[in-house]
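Below: one structure, written as structure tokens.
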Amino acid sequence: MRLARYALTVLNNQHGRVIKPSWCTYLVCYRCNARCQMCDSWRMKPGDELTVDEVGVVFGKIGKLDVVRLSGGEPYLREDMLGIAETIRRQSDPAVIHITTNGSFPDRVEDFVRRFSKPGMLRFMVSFDGLDEEHDRNRGQQVTFAVAMETVKWLATEGRKFGVEVSANHTVITPQSLEDNAGIRERMAEYDVDVQSVIAYAESSMYGVKLRGKRADHMIVPKGYPIHPDLAEADVIGFVRREMDQVSRYRDYAIRTGKRYYLDGLLQRLEGREDASPNPKCVALRSHIRLLPDGRVPVCQFNTETVGNLLHQSFEEVWEGTDAVHSRNWVDNCPGCWVECEVMPNALYTGDLFNV
């Protein structure tokens with residue numbers, strides 16, 4: 001049934017039809033105990049956050065989903081994460097619940113996995129910015145490399161007994177961070193954990209105080225990639241080429257396929273190729289829905305204007321309303337970005353992932 005629905009979804013996206021979402025990225029909170037240079041969600045006023053019951057209302061309106069990504073801020077600052085995840089499982093029946101965390105709450109993660117009713121659907125990504133010194137310098141003393149490694153170690157040893165999968169995300173933000181990549185891979189290899197690397201963007205839109213509720217048009221560089229200014233003198237192109245050589249070593253087939261696709265497009269954009277590809281259609285406000293902590297629905301990573309609030313409005317009012325129609329037209333005319341959390345749903349739900 002999922003396969004047939006997926007095939008129909010791809011066909012509809014290829015023809016630009018408006019359909020119900022299959023992939024949801026839900027920011028459970030803006031609150032964060034890290035002080036990252038590339039993200040300032042921790043500077044935001046926390047604002048309203050959906051209660052567990054309200055999560056049930058919102059996801060009941062969305063309905064069936066394939067993938068739900070839970071992120072923040074730091075999601076485990078919410079002590080009701082178990083209730084949130086269980087409610088989403090009941091209401092939307094996803095195949096995968098993917099959780100991005102800074103790893104600063106190993107005890108909460110362990111308790112969450114042990115008590116979750118279907119841990120085999122859980123996929124964790126623990127974030128790092130470099131080895132010990134560089135990571136701690138960027139993230140702060142509440143989110144240390146050592147504690148994040150405790151989370152990785154438990155997930156990779158005990159968590160896998162429950163069917164959980166874990167990978168590490170390395171955000172490359174400085175030349176030192178880039179140099180630390182090999183060391184991070186060595187540390188993660190001890191636990192057979194894949195390392196996925198991301199080149200930091202020039203600034204954050206979804207998590208940026210100045211850009212909250214606005215369009216970050218200046219960040220959408222046609223066939224380009226606006227890297228963080230601290231990486232201006234680093235050999236980023238050489239790094240991405242080395243990353244491509246690592247792809248075949250990933251233990252997870254889905255990660256292997258997705259990273260090969262993403263890195264190929266990233267390299268071409270960093271090289272400034274005007275014919276850079278792949279370049280899939282964007283499925284924002286079609287197959288991909290984003291949720292803010294209070295239930296509002298933004299357009300995408302670089303357009304945080306909202307089209308409605310699913311806590312207070314029906315799905316049809318939000319998804320088919322004037323604001324959504326206007327924003328979907330903006331998406332269709334957008335020259336495209338290459339931020340991974342947008343690219344992968346685009347590639348998957350247009351079928352382009354399997355065309356290269």
Side-chain angles (χ1 to χ4, degrees), residues 34 36-39 100 102-103 125-139 145 148-149 152 166-205 219-252 254-279 301 336-344 347 353 356:
C36 302
Q37 296 176 30
M38 68 284 184
C39 171
T100 302
N102 61 32
M125 178 178 282
V126 183
S127 300
F128 294 85
D129 295 338
L131 289 171
D132 307 62
E133 183 177 349
E134 184 67 6
H135 177 91
D136 295 358
R137 182 194 65 78
N138 187 49
R139 298 218 162 197
F145 185 94
M149 278 301 302
V152 169
V166 57
S167 63
N169 182 72
H170 176 202
T171 301
V172 177
I173 184 155
T174 63
Q176 183 59 55
S177 174
L178 188 152
E179 288 185 20
D180 284 350
N181 184 260
I184 292 175
R185 288 187 180 281
E186 288 179 11
R187 300 282 282 273
M188 298 302 166
E190 297 176 29
Y191 305 105
D192 199 19
V193 170
D194 290 333
V195 177
Q196 303 186 56
S197 301
V198 176
I199 303 297
Y201 254 72
E203 60 180 312
S204 174
S205 303
M219 294 292 292
I220 302 173
V221 181
K223 301 297 180 72
Y225 191 94
I227 64 173
H228 195 278
D230 288 349
L231 288 169
E233 303 301 320
D235 182 15
V236 174
I237 291 177
F239 173 78
V240 173
R241 286 175 176 155
R242 293 191 295 275
E243 284 292 286
M244 292 182 71
D245 292 338
Q246 300 278 351
V247 168
S248 60
R249 301 180 187 179
Y250 287 127
R251 63 191 300 274
D252 186 284
I255 293 178
R256 213 161 48 234
T257 304
K259 292 303 288 190
R260 183 177 290 110
Y261 179 97
Y262 176 74
L263 289 170
D264 183 32
L266 177 59
L267 179 61
Q268 294 184 50
R269 284 161 174 80
L270 289 172
E271 290 176 336
R273 288 180 48 173
E274 292 185 3
D275 61 343
S277 64
N279 196 37
Q301 176 81 8
C337 68
W338 204 249
V339 62
E340 192 165 6
C341 54
E342 298 289 353
V343 170
M344 294 321 301
L353 181 62
V356 294

Assess the residue pair Phe145 and Arg187 against the criterion (side chain to side chain contact (heavy atoms under 4.5 Å, CB included)); give the C-alpha distance rounded to whole Å, side-chain angles, the decisive distance to 0.1 Å, and a yes or no.
CA-CA 11 Å; Phe145 185 94; Arg187 300 282 282 273; 3.2 Å; yes
Audit row: Ile237, Val240, side chain to side chain contact (heavy atoms under 4.5 Å, CB included) steps and yes/no
CA-CA 5 Å; Ile237 291 177; Val240 173; 5.9 Å; no
Could you measure the distance from the [atom1] atom of [X] to the [atom2] atom of [Y]? Nearest 0.5 Å is fine.
X: Leu131; Y: His170; atom1: CG; atom2: NE2; result: 7.5 Å
X: Gln246; Y: Asp194; atom1: CD; atom2: CG; result: 10.0 Å
X: Met125; Y: Asn102; atom1: CE; atom2: CG; result: 14.0 Å
X: Asn138; Y: Cys36; atom1: CG; atom2: SG; result: 5.0 Å
X: Met244; Y: Asp264; atom1: CE; atom2: CG; result: 4.5 Å
X: Glu190; Y: Met149; atom1: CD; atom2: CE; result: 6.5 Å

Derivation of the side chain to side chain contact (heavy atoms under 4.5 Å, CB included) call for Ser177 and Arg137
CA-CA 11 Å; Ser177 174; Arg137 182 194 65 78; over 6 Å; no
Angle between ring planes, Trp338 versus Tyr261, binned at 30° and 60°: parallel, tilted or perpendicular?
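Rings of Trp338 and Tyr261: parallel, as their planes differ by under 30°.
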So does [Y] get a backbone contact from the side chain of [X], meaning a donor-acceptor N/O pair under 3.5 Å?
X: His135; Y: Asp129; answer: yes
X: Glu134; Y: Asp180; answer: no
X: Arg256; Y: Tyr250; answer: yes
X: Tyr201; Y: Met219; answer: no

Does the side chain of Val152 come within less than 4.5 Å of Phe128's, by heavy atoms?
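A side-chain contact exists here, since the closest heavy-atom pair is under 4.5 Å.
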What is the minimum heavy-atom distance between [X] and [Y], and which atoms define it?
X: Ala276; Y: Gln268; value: CA-OE1, 3.5 Å
X: Asp230; Y: Ile173; value: CB-O, 3.4 Å
X: Met344; Y: Gly258; value: CE-CA, 3.5 Å

Determine, stepwise, if the pair Lys259 / Asp252 fulfils salt bridge (charged side-chain N to carboxylate O under 4.0 Å, His left out).
CA-CA 11 Å; Lys259 292 303 288 190; Asp252 186 284; over 6 Å; no
Candidate pair Tyr262 and Glu243, rule side chain to side chain contact (heavy atoms under 4.5 Å, CB included), full reasoning:
CA-CA 11 Å; Tyr262 176 74; Glu243 284 292 286; over 6 Å; no
Any donor-acceptor pair under 3.5 Å linking the side-chain atoms of Asn169 with those of Ser167?
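Side-chain D/A pair, Ser167 to Asn169: absent.
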